[in-house]
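So the structure is just underneath, and the comments pick up after that.
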Protein chains: 2
Amino acid sequence: MIVNTKMVGMAQHKTITVNADVVACCSPLAHVEMSEAEASDIAQIFSALSDPVRLRMLSMIASESEVCSCALEEPLSKSQPTISHHTRILAEAGLIIGERRGRWMWWRAAPDRMRDIARILSA
Amino acid sequence: MIVNTKMVGMAQHKTITVNADVVACCSPLAHVEMSEAEASDIAQIFSALSDPVRLRMLSMIASESEVCSCALEEPLSKSQPTISHHTRILAEAGLIIGERRGRWMWWRAAPDRMRDIARILSA
DNA sequence: CTCTCAAATTGATGTATGTCAATGAAAGAG
DNA sequence: CTCTTTCATTGACATACATCAATTTGAGAG
């Protein structure tokens, strides 16, 4: 598995974005049969998108320029550890990018990555 | 939850395609914040895509005009019940469409549905 | 009708995952 | 330094899921 380590300006939590290249260069589903390695990498991305809380979270982040972690707990009705858990998974899938500013963690969407994933579904 | 029942020519197993409308009319993630109901529906689709075996399976089916269930076991190295389990999940997500011909079950991809899902990720 | 074959279903098992309370770590404010 | 605040991590628990052996269902063939 190809791993592309990317620091996101966090001290405590180092976000590791998996498959930065694999996703970008992966052929659309209907063009070539996927290898096992490709399938595992891509499956992890879709797995990040397979939870309702994370989908709403991503939608909220993508609808704004950036969103603070602390602004997610109330609208999603989830505890702070749960929010942290989900942002981590979205970040590891490369769907959002985090930046620490003082005590606050700010998240923004990664539209390029989202386009790459969309392209896998539809040539 | 909106359920769109669709017979697929099977006697034994009635495939139920969920969210036929919801997906088609769902706004791209970045445009409007998703409701809980939308999120649950869409999450189920991505959940179907979140398994490596199913991704390779979908890739194989989408690369051909149609594929028989029996032609999937060997290349995917999975048992017959497991193949049946996965085809069912892909069909319920509306990603593939099945048709029984004699003793055999033939599957073809649903490119329209795949395009709809891609559009949710990238406007 | 019986026999055969392909697929669906059932049941069991191990693993993965969402959730939160409790705790720890990091960054300011005073 | 201490106090406060925000986020990350740990541990525990319940649920969901992938897998296969065994069985059942369904559709021809003879």
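So that the names make sense, note that chain A is the first sequence line, chain B the second, and so on, each numbered from 1. Just so it is clear, the structure is predicted and the values come from calculations on it, not from any experiment. Atoms considered below: every heavy atom in the structure, side chains included; atoms not considered: hydrogens, waters and symmetry mates.
Distance B/Glu99 CD to C/dA8 P: 13 Å, rounded to the nearest Å. For the pair A/Ile83 CD1 and D/dT5 P, the computed distance is 20 Å after rounding to whole Å. In this structure, the CH2 atom of A/Trp104 is 8 Å from the P atom of C/dA29, given to the nearest Å. If you take CD of A/Glu73 and C1' of C/dC20, they are 12 Å apart, rounded to a whole angstrom. Distance, A/Ile89 CD1 to D/dT9 P: 12 Å, rounded to whole Å. Rounded to an integer number of Å, the gap from CZ of B/Arg101 to P of C/dA7 is 12 Å. D/dC17 atom C1' lies 14 Å from atom CD of B/Gln44, rounded to whole Å. In this entry the distance linking CG of B/Leu72 with P of D/dT19 reads 14 Å, nearest Å.
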Sort me out a list of protein N/O and nucleotides 11-14 of chain C N/O pairs below 3.5 Å, or just none if empty.
none

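One finds a salt bridge joining A/Arg115 and A/Asp112 here, because a Lys/Arg side-chain nitrogen approaches an Asp/Glu carboxylate oxygen to under 4.0 Å.
With a 4.5 Å cut-off on side-chain heavy atoms, B/Arg108 and B/Glu64 do not count as touching. Side-chain contact check for B/Pro28 versus B/His31: some heavy-atom pair is nearer than 4.5 Å. At a threshold of 4.5 Å between non-hydrogen side-chain atoms, the residues B/Met57 and B/Ile83 count as touching.
Each of C/dA8, C/dT17, C/dT19 was ranked by its minimum atom distance to the side chain of B/Thr87; first place goes to C/dA8. Comparing C/dT17, D/dT6, D/dT9 by their closest approach to the side chain of A/Arg103 singles out D/dT6. Which of D/dA21, C/dA22, D/dT19 sits closest to the side chain of B/Lys78 comes down to D/dT19. With distances taken from any side-chain atom of A/His85 to the nucleotides D/dT9, C/dT19, C/dA8, the minimum falls on C/dT19.
Between the side chains of B/Trp107 and B/Ser69, at least one donor-acceptor pair of N or O atoms lies under 3.5 Å.
Backbone-only engagement by A/His86 is indicated by non-hydrogen atom pairs under 4.0 Å involving sugar-phosphate atoms exclusively. A/Ser79 comes within contact range of at least one nucleobase, with a heavy-atom separation under 4.0 Å. Among the atoms of the strands shown, base atoms are found under 4.0 Å from some heavy atom of A/Thr82.
Residue-to-nucleotide proximity on DNA chain C shows that, of A/Ser47 and A/Gly102, the 5′-proximal contact is made by A/Ser47.
The backbone N or O of B/Ser59 sits less than 3.5 Å from a side-chain atom of B/Ser63, completing a donor-acceptor pair.
Near-neighbour residues of DNA chain D inside residues 48-56 of chain B, defined by a heavy atom below 4.0 Å, number-ordered: B/Asp51, B/Val53, B/Arg54.
Atom CD of A/Glu36 sits in a sparse spot, with 12 or fewer heavy atoms from other residues, nucleotides or ligands closer than 6.0 Å.
Separation of atoms OG1 (A/Thr87) and CG (A/Leu95) is listed at 12.5 Å; rounding is to 0.5 Å.
Across all non-hydrogen atoms, the minimal contact from A/Ala43 to B/Leu55 is N-CD1, 3.4 Å.
One cannot find a donor-acceptor pair under 3.5 Å joining the base of C/dA6 and the side-chain atoms of B/Gln80.
Here the rule is side-chain contact (heavy atoms from CB on, under 4.5 Å) with B/Leu76, and of B/His86, B/Arg56, B/Arg54 only B/Arg56 fits it.
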